[in-house]
Each structure stands twice: as structure tokens, then as C-alpha cells.
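In the text below, chain A, chain B and the rest are named by the order of the sequence lines, each starting its count at 1.
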Amino acid sequence: MDLVKLNIDGRDVEVPAGASVLNAAETIGIHIPRLCYDPCLSSVGACRICVVEIDGIRNLPASCVTTVTQGMVVRTDTPAVAEARKAILELLIANHPLDCLTCEKMGECKLVEYCYQYGVSESPFQGERHAYDLELNNPFIVRDLNKCILCGKCVRACAEWPGKDILDFSYRGFNTKVTAFGDTSYIESDCVFCGSCVAVCPTGALTEKQMRGKGRRWDVKKVRTTCPFCGTGCNFDLNVKDGKVIGVTSSPDAIPNGRVLCVKGRFGWDFVNSDKRLKTPLIKKNGKFEEASWDEAFDLIATRFQEIKEKYGPDSFGALGSARCTNEDNYLVQKFTRAVMGTNNVDHCARTCHAPTVAGLAISFGSGAMTNPICDVDDAELLFLTGTNTTEAHPIIGYRIRQAHRRGAKLIVVDPRRTELAEEADYWLQIKSGTDIGLINGLSHIIIKENLHDKKFIEERCENFEEFEKTVAQYTPERVSELTGVPVDTLYTVARLYATTDKAGIFYTLGITEHTTGTRNVMSCANLAMLTGHLGRPSVGVNPMRGQNNVQGACDMGAIPNVYQGYQAVNNPAAREKFEKAWGVPLDNKVGLMIPDMFDKANEGKLKAMYILGENPVLTDPNSNHIRKGLEKLEFLVVHELFMTETAEYADVVLPAASFVECDGTFTNTERRVQRVREAVEPLPGKANWETICEMVTRMGYPMNYQNPGEIWAEMASLAPSYAGINFERLEQRGGLQWPCPSCDHPGTPFLHAQSFTRGKGLFQGIEDVPPAELPDRDYPFLLNTGRILQHYNVTTMYSAGLMTLRNEEYAMVSPEDALELNLNTGDRIKVLSRRGEVETKIQITERVPKGMIWMSFHFPNTQTNAVTSDAVDTIAKTGEYKVCAVKIEKLAS
Amino acid sequence: MPQELRIVLRNVDKIDALKIDDYIDANGYKPLEKARSMPQADLIQEIRQSGLRGRGGAGFNTGQKLAFTYSAAGDQKYIVCNADEGEPGTYKDRVIMQSDPHAVIEGMAICGYAVGATKGYIYCRGEYPYVAEILNAAIAQAKEKDVLGEFDVEVCLGAGAFVCGEETALIESIEGKRGEPRCKPPYPPVSGLWGKPTVVANVETLANLPQIVDRGSGWFAAIGAAGYPGTKVLTLTGDVVNRKYIEVPTNTTIKEVIYEFGGGIAGGRKFQAVQIGGNSGGIIPESLLGTQIAFDAMAAVGATLGSGAVFVMDETRDLRDVVCRMAKFFEHESCGKCIPCREGTMRMFDLCEKVGQGKGTAADLALLQEIGETMAVACFCGLGQAAPTPVLTAIKHFDLLAGKGCA
């Protein structure tokens with residue numbers, strides 16, 4: 001790198017060419033005031049407070065946009081500079097409410113800081129001041145434009161981080177104002193309330209509504225933790241005052257998100273303070289819950305679980321760990337199930353989402369996780385997205401994809417729905433639902449036919465190519481076009497582009513996995529990446545974006561019926577012996593039940609008791625009537641929960657759970673990054689979840705005497721080579737650690753399969769197209785597709801007052817063509833009926849869905865979408881086919 | 001008696017602007033042919049040697065600008081004609097475009113060949129829709145006659161913002177964005193329109209080019225003041241007998257402009273002050289009337305040549321009122337991007353209004369001076385930096401608190 005030598009305030013300094021004078025000064029500890037400058041945003045040089053003197057330049061240039069040159073002589077603090085800065089501050093406060101005594105930003109306000117520094121206590125200028133109304137009409141952000149200094153950081157943050165481009169300057173001169181389109185308020189605009197604007201605002205113009213009046217900035221304790229919503233694993237600071245969380249703020253040093261968060265992460269935390277939280281154990285007596293002491297609850301649980309185990313055998317018990325709870329909690333749940341209850345019947349909601357990923361990638365590569373880190377998106381030259389509505393389900397990854405595309409990366413989106421990224425993509429392949437295998441086989445066919453495959457990679461790193469080649473030979477572009485609905489030309493273009501682009505990564509979520517062919521869809525993605533050698537290096541790979549904050553970790557911890565932590569198979573005698581020795585009890589050697597099997601067995605009367613931690617299968621699992629019936633038949637059910645959920649209603653004992661702000665531990669995000677979760681406030685029920693589990697299990701005669709989650713992790717890691725190098729001390733470092741991390745001097749593994757695959761050679765498989773289990777027909781003419789919306793998450797968000805203000809009911813998506821035919825308008829109510837059940841919902845007319853498709857989320861208790869979804873499951877991983885079932889529609893009187 | 005020398009106005013009243021054949025008969029488009037017969041580097045060198053400097057007000061050597069653009073890497077380059085003539089009292093570009101549009105287009109085509117640009121835009125002031133019509137007609141004729149070859153020209157109409165006369169704000173406006181100046185560097189020759197190397201040149205500058213190519217750099221360099229050779233088109237307004245446009249060699253003095261060409265002060269009244277270069281120019285007292293209307297000579301006395309507007313004020317004008325109106329203009333035209341301009345122009349206007357009402361104090365003038373000096377060095381672009389010039393020069397040369405006839 002070329003270095004440039006210059007002199008700043010009499011000191012020589014050498015910095016890389018291209019650096020700004022402001023940054024050069026920083027390297028020698030000189031802080032030049034700045035209002036519009038932000039290291040994470042483009043520089044505009046607009047506030048002029050960072051002006052300096054430079055020899056040979058007539059004016060005072062803004063140091064943030066002045067590039068260093070060889071021999072430059074800079075003075076940052078001359079009388080002229082001070083005079084200019086002072087004058088600028090005097091001009092600013094001439095039109096700024098000086099209500100600092102009650103201003104929310106006091107303590108972090110840049111204007112206050114610099115006025116103090118330059119001794120500006122009042123302005124010599126009289127005259128007009130702005131008198132804008134306070135904007136209070138949204139639940140999260142208070143806008144006081146009277147305090148806006150028009151630095152434009154919010155405008156740039158909106159454009160350069162989420163890429164929503166909601167904000168810009170309106171009007172001009174003294175009347176300049178930052179507004180959404182047409183000078184509307186945030187709530188009237190397309191704002192997604194990511195709050196990036198609030199995060200960068202240097203004054204009190206933008207503040208967090210939830211934090212108003214709750215505490216001065218200097219009295220607030222900040223506790224860094226990991227977000228409890230999707231699997232991106234954003235980090236942020238819980239703001240704590242007087243033992244209560246009052247807000248969330250973001251920080252530039254957070255990995256993987258920096259200061260960007262989504263509406264859930266930044267504003268959805270308030271569920272932890274909901275008055276609906278459970279605080280004491282509840283025991284159901286005569287069909288009604290009564291408050292009970294912990295002792296009563298533990299005694300009853302210990303007695304009933306032991307009775308049932310003795311009477312019906314170990315396999316009459318099943319447990320659900322939780323993709324929302326810590327690794328330590330999940331480790332304890334599976335250990336309890338295996339070591340105490342004596343069964344491998346433990347599972348969690350990965351079953352309903354990415355179980356096909358875990359299974360499929362394990363078969364193809366030997367390891368079922370995202371091959372590459374999130375940050376690889378930034379350098380990618382091509383992003384191939386399939387079955388992912390990334391900007392809603394994984395917003396921060398979606399925003400990075402959007403920005404990479406804006407910087408020039410090619411974007412290919414495969415989705416039957418016109419998602420935001422589909423709209424922006426270079427190529428949007430609007431496939432017919434459930435034709436993923438056909439599409440990928442078709443692309444592979446073209447790549448092989450045009451000799452664009454990576455023969456060296458296939459030869460050296462993979463096996464069974466011939467079978468794959470033979471299969472895809474049948475998938476001619478014409479046949480695939482007919483099958484998928486994608487034009488032949490587009491198939492050729494996309495196949496060539498993916499094959500010939502060096503840094504091309506595949507990203508997918510549940511549009512791939514939630515099919516009866518889910519595992520095979522996943523393996524098809526693996527085939528395509530192996531075919532073109534897009535594996536084992538930066539910015540390539542097969543990247544499943546996990547849906548829940550710790551769904552990766554819950555799988556890693558062995559809260560699935562076939563493996564102990566670190567994917568050590570329960571039916572591997574060596575592994576079992578190791579765990580028998582460590583846990584001091586004999587262990588069952590057969591694979592346990594997956595969730596759908598558990599509820600089948602419960603319906604059959606063979607599964608008698610369950611412990612469910614932090615999951616709500618009634619709302620989230622397909623064919624919920626089947627789930628409800630199963631729960632009803634159980635003899636004894638313990639639900640360990642934050643709220644009285646639809647599932648908890650069926651419990652015999654409800655244990656109150658601690659929320660993520662009340663627990664120490666770790667979450668593992670989608671890129672295998674183990675990160676700390678930190679206790680910011682005392683657990684509301686008095687016990688953290690790990691403590692509750694330990695006491696419950698100890699009461700059953702199996703002592704669990706951990707002092708803290710760090711000890712639980714240490715035991716877990718000592719038995720799993722891929723985590724051996726990770727401990728709580730090392731996790732204090734920025735960004736945690738990405739497994740595999742086999743030793744304490746190992747830096748962690750950003751991308752997998754560098755030299756060889758986890759299983760040795762990558763396994764090609766010939767995979768045939770199979771249609772979904774239930775397609776529309778004459779009786780049920782519509783295809784129902786389901787998923788998540790930006791403002792909500794599978795659980796907890798319904799208890800966030802703010803999020804519920806934004807969206808509190810279902811609006812099923814209906815295409816304009818269908819709406820016309822059915823005489824529907826946005827806001828009308830319909831009944832959606834399938835062969836399994838029915839549900840009522842409002843509708844919205846939108847071009848995001850094609851004709852013939854209805855799309856619904858599963859978030860709202862008033863519209864329990866999973867009453868109608870299909871109970872057909874993936875043949876390997878038993879994940880439900882949430883993305884395709886046949887329904888009919890009846891218009892309801894409004 | 002000094003005489004006009006018409007180079008860019010040579011065809012005024014001699015040809016029909018809407019007849020390309022008239023222009024061609026007057027030797028039009030032959031210079032372009034000649035330029036295209038020269039190697040690009042030689043052409044640029046020829047223009048550089050003529051000493052032609054930008055006539056929009058910044059006075060940058062045109063050949064140098066072309067050389068920068070020529071050597072900048074870019075798969076596409078652009079020529080942008082700045083026809084956003086917004087300085088009050090200035091209408092020279094309008095006259096040139098209305099009476100001889102092909103001279104401008106030919107100048108652009110010469111630049112296009114010199115730097116390797118195939119596309120040009122004329123950013124025409126929003127208040128000149130009728131000029132845009134003439135330009136469009138001329139472009140259509142030039143295309144029909146196929147005199148431009150592969151060089152294409154398009155007219156963009158401005159929307160009334162003064163700041164869009166600033167070259168980077170102009171570029172933003174063409175790109176469809178809010179008209180605000182960009183950070184410089186990079187300058188347009190390196191990264192201009194759509195991020196590509198771009199020549200932005202004023203109408204008058206471009207109209208000089210065919211003549212320079214035709215008659216040679218030596219001919220041009222010998223005209224007028226040595227450091228700023230050639231002629232300057234001036235527009236005379238205010239309290240002068242002849243309110244008109246003239247084109248004179250650049251070594252002509254202000255006094256000659258007002259008294260010889262302008263016919264002196266109207267109504268036999270006494271001269272008080274003159275402002276040259278539009279609202280961004282300084283207010284000049286009688287003692288400096290011997291200054292030549294050349295870029296460096298004007299700069300040397302703390303004034304500017306600017307766009308070449310000459311606004312003459314007689315003894316009856318109340319300078320406080322004049323200055324206040326100018327402050328109002330800048331308050332209205334500030335784009336709002338940078339703090340010192342956005343807030344400063346507004347507070348300056350406030351104070352000028354107070355002074356104009358005869359309520360000003362010495363402290364008000366001191367504050368005006370303080371804020372004006374900060375703006376001059378700290379504002380983002382030329383608009384803000386120049387905005388305080390009339391106020392600062394008025395304070396310097398006149399006693400504003402005394403009011404009328406204060407010279």
C-alpha cells in the first residue's frame with residue numbers, strides 16, 4: 001500500500017494514500033470535530049465543522065473529504081479554524097431549541113459537546129426559528145425536526161445500510177428538511193423502522209420513543225448481547241436503568257451487523273417487560289391453572305415423569321429444546337432427556353425449518369451449516385438466492401445483499417413471489433412452487449452441456465458425478481422451462497453466469513427446505529455448487545440462512561434425536577460410550593423421535609409425557625389440529641415458557657421462563673458464530689432457565705450442580721471436538737468464534753470445506769424432480785404458501801406492544817387477478833379452507849403473489865394459518881411442506 | 001474611443017440563427033473539420049496555447065481542462081455546456097445561444113473530438129425555454145446535415161435553481177438528483193456526469209473555440225490582457241445610459257466600459273458604485289474604475305469578473321437596500337447542503353434587512369463581517385463562498401450605517 005507523509009499540527013504522520021485528513025489526524029490522536037462525518041457512511045463534507053487550514057489552499061477545506069497528499073501541511077486548531085467552527089456552532093444554535101435540560105440526547109449530543117468545547121453558550125443571531133410539529137405518530141421513533149442540524153447522516157444511513165432510500169432532503173436553503181417522500185411522516189412512508197437513522201443522529205432530532213423519559217444517557221448501563229430473533233445473530237446493547245431494560249442501541253463494533261438492526265431487534269425487545277409474562281410456576285388443578293411454589297412444581301414434575309417412565313418405559317417421553325434458548329439450556333435439555341429419561345426423543349423446531357439442511361448438507365458435504373460467513377456477501381460477484389425473502393426474514397443479511405448488488409454483484413433470485421430482492425434482481429426466476437429440483441437440474445444440464453463445469457474440482461474433490469450427470473442429462477432446457485415456467489433463454493443466461501462467475505454464492509432459506517422434497521432440494525443446491533467448484537473459498541458456497549436466533553446452536557447442542565452435541569451420532573457405539581462415561585449412565589442407542597413422530601405417537605397414545613422449552617408447536621407446526629389432539633392425549637405435559645401460549649394452555653405444569661435479557665449463555669448464529677448472551681437484569685421468575693432445568697433434573701435424582709453457564713459450556717465443549725477451543729473467556733473477543741474451533745489457539749473457521757469436505761469427498765447425487773404432495777385441484781383451486789413477515793417472529797413478537805402497533809393481524813396476499821375474479825378488496829375478510837382445517841383472515845391485494853397463489857404468515861393467534869397447512873413431510877427430515885398446499889377461499893361478510 | 005471586438009458575437013444580426021446554412025456560409029463547422037484533421041493532443045495543445053480561460057467565472061484554462069479529461073480513463077466521456085445563466089444582470093449566454101447556437105454546438109463537438117467524448121448535454125437555464133427550443137432546432141439541423149458525425153447533443157432544461165450553475169450541482173441535476181454541489185476533488189474531468197470524465201464549459205467559452213481553431217492560438221493570445229486573453233461579453237445594467245451587451249477585449253477598463261460603451265451615468269447623476277460579475281461580485285467604488293475587466297486584474301482589487309454582468313449604481317441608490325436585496329437572493333438560492341451557507345445566508349439577510357431599515361449598529365456590521373468571512377472560507381461551494389462578497393465589499397468601501405450617498 002502506498003503511504004503518504006504529511007504534517008499535522010507540527011507532527012509528521014504517515015498514512016495510506018487515499019486517507020482523509022480527518023482520518024490521518026485520528027491516527028495521531030487528534031480528534032477533529034465532526035457532525036456529518038461517520039466512518040461507516042459516505043462522506044459529504046457538508047457540516048464544515050471539520051474545516052482545517054492547509055498550506056497552499058486558500059479556503060478552509062473540510063478535512064473529512066480532503067484527501068492527504070505528499071508533504072501536505074495541515075493545522076487543525078488555528079484561530080481561523082476555531083473562529084469558523086465557533087461561527088458554525090453559533091449559526092446552528094440560532095435555530096436549535098436549547099431545551100437541553102429535558103432533551104433525550106443530553107449526554108450523547110454532538111452539538112452540546114462542541115459548543116462546550118468552543119465556549120458557545122448562546123447565539124448572537126436573532127430571528128426566525130423553525131417550529132415543526134413533533135412527530136409522534138409511530139411507535140418507535142420520535143422526530144423533532146427542530147433539533148435537526150441537517151447533517152444528512154440519517155439520509156445516508158437509510159440509503160447505504162438497509163438501502164430503503166426512504167429519506168432525503170426536501171425544500172432548500174433555510175427551509176431544507178429531511179423527509180420521507182412527499183414530506184410524509186415515517187409511518188405513512190415505506191419506512192421499515194430499522195432505526196438506522198436514530199442510530200446515527202448526532203442530536204435530539206431522532207430518539208427512541210421507548211426510551212423517552214426513562215433515564216439519562218449517563219445513567220444507563222449498556223450490556224452487549226445477541227439478538228433473540230432471526231439467525232443472523234446481530235449484536236446490540238441492552239440499555240438498562242434501575243434493573244430494567246429500557247431500550248436497545250446499536251454499536252459500530254458489532255459483528256455481523258454494525259449499527260444496522262431490523263425493527264424487531266431494535267424495537268421488539270419490549271416483550272420482556274410485558275405484563276403477560278409468567279412469573280411463578282402454575283399447576284393445573286381441575287382444568288384451571290393455579291399459582292404454585294417452585295418446590296411444588298418440581299416435586300410434581302419429578303414424581304410424574306418418573307412414574308410415567310417406570311410405567312410406560314423411557315420412550316413414552318419426549319422433550320423439545322428451543323431454537324430461542326441458549327446453547328447451555330439446550331445442552332441441558334438433551335442431556336436430561338438422554339441421561340435421565342433414558343430416551344433420544346428430543347427435538348426442537350429446526351424440524352419445522354432447516355432439518356433438511358442439517359440432513360442434506362450432512363449427506364452431501366458431511367456438515368450441515370452455512371459454508372461461508374455473512375461478511376462474504378460484501379465481496380461476492382454473484383448472489384444466487386433461492387427460496388429466501390431475505391430482506392424480511394433475515395433483514396440484515398438482505399440489506400448486505402442489496403448493497404452488494406448495488407455495488408455491482410449480479411443478483412439472481414428464484415422465488416414464486418415477487419419479493420423486494422426479486423424486484424431488484426438482475427434475473428428473477430419466478431418458478432412454479434415446488435419445482436426447485438427441476439430448475440437446478442436444468443441449470444446443471446446446461447452447464448455440463450456447455451462444458452462450463454469445474455472438472456478439476458469434480459475430479460479431485462467429489463464423487464458419484466456420473467450418476468448426477470446421467471440424471472441431469474434428462475433435464476433439457478425445454479423440459480425444465482415447461483416444468484418451472486422459467487423461459488429457456490433465462491435458464492441459459494443464468495446457468496452461464498453462475499458457472500462462469502468466480503465468486504458466486506448460493507443462499508437459501510425455507511423456500512428450499514419446507515417441501516416434501518426439502519432434503520433433496522438442499523442436496524440439489526449442493527450439487528450445483530460442487531459442479532462449478534463454488535465451495536471451499538471466500539464468497540462462494542451453499543449458505544442456508546437459519547431462521548431462529550439459536551436454531552443452529554440447538555442443533556449443534558444435540559437437541560435433535562439422532563446426535564449428541566457436535567453431530568456425534570447416538571447410534572455410533574464409540575460416541576455413546578464416551579457420553580455414557582461422561583454422564584455416568586447407560587444411554588439408548590437408537591435414534592429418537594422427530595417432532596411429527598412425537599405428535600403421531602401422542603395421538604396414538606404411545607407418547608405419554610413431554611417437556612417443552614420455549615416452543616409453541618400449536619401455532620408453528622403444520623396441521624395444528626393434529627398437534628392439539630396429541631397434546632390433549634398426553635398424561636403429563638410440562639411447558640417452560642415466557643407466556644401462556646397456545647401450547648402452554650395444554651400443560652399440567654407451566655414453568656415460568658427467563659427471557660434473553662435475563663440469561664447468561666451463548667447463541668450460535670447462522671454462520672456458526674458462537675456469541676455471548678448476557679444477563680442484563682435479574683430473571684423475572686427468579687431463576688434463569690438453566691437454573692430451572694438443573695433444579696428440576698436434580699429433583700429427579702440426577703444432580704446438576706453447575707455454578708454458571710460457562711461451566712455448562714465447558715462440559716459440553718469437552719465432549720465435542722468442534723467446540724473444544726471455545727470457552728467463555730475467548731468469547732469475550734469481538735465477534736465470538738465460528739466453529740469448528742478444535743483448540744484454544746485455533747482462530748475459528750469462517751468458511752468450511754477448504755481443503756476437503758467434512759465427509760472427505762463431496763457426494764453428488766442424481767435427484768429426480770418430484771411434485772409437492774398436494775397441488776391445487778378443482779375442489780381446492782388455490783396454492784397456499786406461508787412464511788414470515790418483517791415485523792414478526794415465530795414467538796414473542798406478539799407480546800411486543802410496538803410491533804403489534806405496526807402489524808397486529810394477518811393480511812393474506814391475493815393477486816389482483818384473483819381478487820378481481822373473487823370480487824375482493826384489500827381489507828375484506830375471507831375464509832381459507834383446506835382438507836385439514838379452516839382459518840379466517842383479512843386480505844391484501846398485491847402483485848407480490850402470482851395468480852393462483854395465496855400467501856399467509858403464521859404469526860397471529862387470531863389467524864392460525866397452520867390449521868390449514870399440509871401435514872405432508874419431507875421424507876428424510878420430516879419437515880412439513882409449509883410452502884405448498886391446496887386451499888379454497890370463501891368471501892366473508894365484512 | 002475603444003471599439004468592440006466581436007468573436008463570439010460575430011454572427012449576431014448577420015445570420016438567421018435557425019438556418020444552419022447561414023452558419024455554414026459564415027465558415028461554420030469548417031473549424032470542426034479542421035479540428036478533426038488534427039491529432040487530439042495537438043488540438044488540445046493549440047487550445048491551451050490560446051490562453052482561453054473559462055468565461056463562466058472560474059477562469060480555468062480551457063485547454064488544461066480538456067487535457068485532464070483527455071487523459072482520464074473512461075469508457076465514456078461527456079461534454080456539458082453550462083448554459084444555466086443565473087447571475088442576476090447576466091444575459092450574455094442567452095444572446096449567444098439565441099443568435100448563434102451552432103457556434104456553441106460546434107465548440108462542444110470540438111471538445112468532444114479533443115477528449116474522446118461522443119455525447120454532449122446543454123444544461124439550459126429553466127427560465128430560457130425559448131432558448132432551448134432554438135438549441136433543439138439547431139441540433140436537429142446539425143444532425144440532418146450530419147455535421148456532428150458521431151457526436152450527439154441533448155438539451156436539458158434546468159428547474160430554476162441558481163446553484164445548478166455550479167458545475168457539480170449541474171451534473172447532479174442532469175443525473176436527475178437534487179441540485180447540490182459535489183465534493184471536489186474529484187473534479188469533473190476525472191469523475192463527472194455519471195461518474196465519467198466530463199468537460200463542463202460555459203457557453204461563451206465554447207463559442208470561442210471554433211474561432212480559435214480556425215484562426216490559431218497565436219491570434220487569440222494576442223488579444224486583450226495577457227493572462228486572460230480574448231474578449232469578454234459584458235451586459236450593462238442599472239443606472240447607465242446604454243443598457244446593452246458588448247464584447248470587448250479583456251484589457252478594457254471598467255471606466256471605459258461604463259463611460260465609453262455605456263455612455264456614462266444616466267440622467268447626469270453622479271457615479272456611486274458598480275458591481276461586476278452578478279450578485280456574487282464585489283461592489284466597486286470609483287477609485288478602482290481603472291481596473292481592466294480581466295480575471296486577474298479584477299481579483300487583484302478584491303473583485304471578480306464573474307459572468308461579466310456590469311451593474312452600475314448612481315448616487316441616488318441606497319446601497320443598504322441594494323445589499324439587502326442581494327442577501328435575500330442568496331438566502332433564497334442556498335441549496336441548504338452546508339451549514340454556513342444555509343444558516344449564514346439567512347442570518348446575513350436578517351442583519352442586512354435591519355441595516356437597510358436604518359436600524360443597524362456597528363455591532364451588526366461586525367457580526368456581518370464575522371459571518372461573511374467565515375462563509376467565504378468555510379462554505380461548501382462557490383455559491384456560499386461568494387454570497388457574502390457584496391456585503392463584505394460594501395462594508396469595506398462604503399459606510400453602510402450612513403446610508404444613501406455614502407461613498
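Taking both residues in full, the closest heavy atoms of Leu351(B) and Phe125(A) are given as CD1-CE2, 4.1 Å, listed atom of the first, atom of the second, then distance. The two residues Arg48(A) and Phe380(B) have their closest heavy-atom pair at NH1-CD1, 3.3 Å.
Residue pairs meeting the side-chain hydrogen bond (donor to acceptor under 3.5 Å, both in side chains) criterion with at least one member in residues 62-73 of chain A: none, sequence neighbours excluded.
With sequence neighbours left out, Lys410(A) forms a salt bridge (Lys or Arg N to Asp or Glu O under 4.0 Å) with no residue at all. Not counting sequence neighbours, the partners of Ser42(A) by the side chain to side chain donor-acceptor pair (under 3.5 Å) test are Glu160(A).
Applying a 4.5 Å heavy-atom cutoff, the residues of residues 180-191 of chain B that approach chain A are Glu180(B), Cys183(B).
Taking a 6.0 Å sphere around CG of Asp190(A), one finds it holds 12 or fewer heavy atoms contributed by other residues, nucleotides or ligands. Surrounding CZ of Arg58(A) are at most 12 heavy atoms belonging to other residues, nucleotides or ligands under 6.0 Å away. Within a 6.0 Å radius of CG in Asp55(A), other residues, nucleotides and ligands contribute more than 12 heavy atoms. Around atom NZ of Lys86(A), no more than 12 heavy atoms belonging to other residues, nucleotides or ligands sit under 6.0 Å away. With a 6.0 Å radius and a threshold of 12 heavy atoms from other residues, nucleotides or ligands, Lys177(B) has its NZ atom above the threshold. Counting non-hydrogen atoms of neighbouring residues, nucleotides and ligands closer than 6.0 angstrom, the CG atom of Asp183(A) exceeds 12 such neighbours. A 6.0 Å sphere centred on OH of Tyr116(A) holds no more than 12 heavy atoms belonging to other residues, nucleotides or ligands.
Looking at Gln126(A), only its backbone comes within 4.5 Å of chain B, counting heavy atoms on both sides. Proximity to chain B (any heavy atom under 4.5 Å) is shown, for Ala84(A), by both the backbone and the side chain. Using a 4.5 Å cut-off between heavy atoms, Cys381(B) does not touch chain A at all. Heavy atoms of Ala94(A) lying under 4.5 Å from chain B belong to its backbone as well as its side chain. Contact annotation for Gln385(B): only side-chain heavy atoms (C-beta onward) come within less than 4.5 Å of a heavy atom of chain A. In this structure, chain B has a heavy atom under 4.5 Å from the backbone of Ile149(A), while its side chain stays farther away. At a 4.5 Å heavy-atom cutoff, Ser123(A) makes no contact with chain B through either its backbone or its side chain.
Between chain A and the options Gly344(B), Ala376(B), Cys338(B), heavy-atom pairs under 4.5 Å are most frequent for Cys338(B). When each of Thr374(B), Val163(B), Ile339(B) is checked for heavy-atom pairs under 4.5 Å with chain A, Ile339(B) comes out on top. Interface remark: of the candidates Glu83(A), Glu90(A), Glu128(A), Glu128(A) forms the most heavy-atom pairs closer than 4.5 Å to chain B. Top candidate by heavy-atom pairs under 4.5 Å with chain B, chosen from Cys151(A), Gly127(A), Gly152(A), is Gly127(A). Options Leu35(A), Ile49(A), Ile88(A) differ in how many heavy-atom pairs under 4.5 Å they form with chain B, and the most are formed by Ile88(A). Counting heavy-atom pairs closer than 4.5 Å to chain A, the top residue among Glu373(B), Lys337(B), Arg347(B) is Arg347(B). For the set Cys36(A), Ala62(A), Cys47(A), Ala80(A), the count of heavy-atom pairs under 4.5 angstrom toward chain B peaks at Cys47(A). Contact count against chain A (heavy-atom pairs under 4.5 Å) is highest for Ala378(B) among Ala378(B), Ala161(B), Cys341(B), Ala363(B).
In this structure, Arg172(A) pairs ionically with Glu333(B), as a charged nitrogen and a carboxylate oxygen lie closer than 4.0 Å.
The one candidate from Val51(A), Val81(A), Ile57(A), Leu60(A) that meets the side chain to side chain contact (heavy atoms under 4.5 Å, CB included) condition with Val377(B) is Leu60(A).
With rounding to the nearest 0.5 angstrom, the NE2 atom of His96(A) is 11.0 Å from the CD atom of Glu343(B). In this structure, the separation between CG on Leu150(A) and CZ on Arg342(B) is 4.0 Å, given to the nearest 0.5 Å.
Formation of a donor-acceptor pair under 3.5 Å by the Arg178(B) side chain with backbone atoms of Phe169(A) is found in this model.
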